[in-house]
There are 2 protein chains.
Amino acid sequence: MNEINRVETKTEQVEQKLVNRVNVTKLFDMMDGIRSKPVISKFNFRAKGKWIVGGHNQTTINDFYGAGQTHSRNRPFVYDGDEPPILLGEDHGANATEYALAALSSCLTTTLIYHVAAQGVVIDEVETTLSGDVDLQGLLGMSENVRNGYEKIKVAFKVKSEAPKEKVRELVELARKRSPVFDIISNPTPIEVSFEEQTG
Amino acid sequence: MNEINRVETKTEQVEQKLVNRVNVTKLFDMMDGIRSKPVISKFNFRAKGKWIVGGHNQTTINDFYGAGQTHSRNRPFVYDGDEPPILLGEDHGANATEYALAALSSCLTTTLIYHVAAQGVVIDEVETTLSGDVDLQGLLGMSENVRNGYEKIKVAFKVKSEAPKEKVRELVELARKRSPVFDIISNPTPIEVSFEEQTG
């Protein structure tokens, strides 16, 4: 028997359904995978921060754990955080409370798009406008009656789609209901802070 | 009388105290300003989000309101959000839950540094390591017993300083107690979502 005939590869065309460029076939495969082996759904995201100088700091994001293994990006994402001059910084990047708005916007948008795709609804445009009120007396420890963080955050969605308005409204509501960052901001999330001093 | 003598300018050298490159003189001036006119402490931060395609979106941060007026940066900050391929994205940036960790890291670091500077303590290095556990069954709506967001976030600080270890520990505790993003994640923050459909 000819060795060439015993080891073969062949290319199979597998049709993938993409809605809003979300691969819905893979999304449903992932959900099937989780149903048969729930541990696949456990993820651990990570970040490393470094103080640069004054109000300037940098956060590096690269590897994460998920679906049973650690994954690394091709390159790390590095985000500069700083304060504007009025808050004694040099504007090397958005400040931390602005990053929190970015996290919320990104999360609501992705959650909307993935759920919309799963339902086969085509979306043309999604825009969000966010704002949050904060009183610096909290951060500065000047009043015990003022909270440190946002008193309230407002998010306005604009969605362009051929789907009926009521359907889109329902999907925006679903995004709100399912978004991880909406959850961690609107509900209490335990944060454990530990500390190690390096001397020398 | 000579007109030249009636309108004069002069340059005065004002000594500014900088600790860890935080201008502590300006920090105390700001606090004095707030004490005499508390409205100065009211800030409103803003972000605009845009869906690009699939899991990819962009958040733009520029203007904010504070100390009685609107401020614009010299250039906007634009942050790409995306998912890694295992979560059906193309890795154009960190995902939203990772941005939330970046916001928390940046906020704890800046809060630490500003309070440390106010107390005149010199810091050499600050590093943070963050991680958060999340179960995708929440986001995907597969279980009502699983929350959407992080079940728990861990933050480990490394601080290098000549200050006594107990002093540094006390200042890390103060950062935790005063950080705006620590507050919005660990405590409930109201988020109002509104929706406008653009047809056509």
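Chain identifiers are assigned alphabetically (A, B, ...) following the order of the sequence lines, protein sequences preceding nucleic acid strands; residue numbering begins at 1 within each chain. Note that this is a predicted model, so its numbers are computed, not measured.
Looking at B:F43 and A:L136, their side chains come closer than 4.5 Å, going by heavy atoms from C-beta outward. In this structure, the side chains of B:N95 and A:T110 stay at 4.5 Å or more apart for every pair of heavy atoms. In this structure, the side chains of B:T111 and A:N148 stay at 4.5 Å or more apart for every pair of heavy atoms. Annotation: side chain of B:I191 is in contact with side chain of A:V155 (closest heavy-atom distance under 4.5 Å). Annotation: side chain of B:W51 is in contact with side chain of A:N20 (closest heavy-atom distance under 4.5 Å). Side-chain contact check for A:V181 versus B:T97: some heavy-atom pair is nearer than 4.5 Å. Side-chain contact between B:T129 and A:R46 is absent, with no heavy atoms from C-beta onward closer than 4.5 Å. When side chains are defined from C-beta on, A:I86 counts as touching B:F64, because their heavy atoms get closer than 4.5 Å.
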Practice problem: Give the C-alpha distance, both sets of side-chain angles, the deciding distance and a yes or no for salt bridge (Lys or Arg N to Asp or Glu O under 4.0 Å) between B:K48 and A:E127. | Solution: CA-CA 7 Å; B:K48 281 184 178 292; A:E127 284 178 18; over 6 Å; no
Self-check item: Stepwise salt bridge (Lys or Arg N to Asp or Glu O under 4.0 Å) test for A:E144 and B:R178
Solution: CA-CA 11 Å; A:E144 292 302 326; B:R178 289 290 162 211; 2.8 Å; yes
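When heavy atoms are compared at a cutoff of 4.5 Å, A:F195 approaches chain B by way of both its backbone and its side chain. Residue contact with chain B, scored on non-hydrogen atoms closer than 4.5 Å, involves the backbone and the side chain of A:S194 alike. With a threshold of 4.5 angstrom between heavy atoms, A:N187 approaches chain B through its backbone and through its side chain. Within the 4.5 angstrom heavy-atom criterion, atoms from both the backbone and the side chain of A:M31 approach chain B. Of the atoms belonging to A:L104, it is side-chain heavy atoms, and not backbone ones, that fall under 4.5 Å from chain B. For A:L174, no part sits under 4.5 Å from any heavy atom of chain B, backbone or side chain. Within the 4.5 angstrom heavy-atom criterion, no atom of A:P85 approaches chain B. At a 4.5 Å heavy-atom cutoff, A:T60 makes no contact with chain B through either its backbone or its side chain.
Comparing A:T109, A:V22, A:V193 by how many heavy-atom pairs each has under 4.5 Å with chain B, the most go to A:V193. Note: A:A94 leads A:A94, A:G141, A:A100, A:A118 in heavy-atom pairs under 4.5 Å with chain B. Here A:K154 is the residue among A:H56, A:K154, A:K26 with the most heavy-atom pairs under 4.5 Å with chain B. Highest contact tally toward chain B, considering only A:S41, A:A96, A:G54, is held by A:S41 [criterion: heavy-atom pairs under 4.5 Å]. Highest contact tally toward chain B, considering only A:C107, A:G89, A:P84, is held by A:P84 [criterion: heavy-atom pairs under 4.5 Å]. Ranking B:G81, B:P38, B:A102 against chain A, the residue ahead of the rest is B:A102, based on heavy-atom pairs under 4.5 Å.
With rounding to the nearest 0.5 Å, the separation of OG in B:S106 from CD in A:E83 is 7.5 Å.
Heavy atoms only, all atoms of each residue included: A:G93 and B:R73 are closest at O-NH2, 4.4 Å.
In this structure, the side-chain contact (heavy atoms from CB on, under 4.5 Å) partners of A:T189, at least two apart in sequence or on a different chain, are A:I184, B:R147, B:Y150, B:I153, B:I185.
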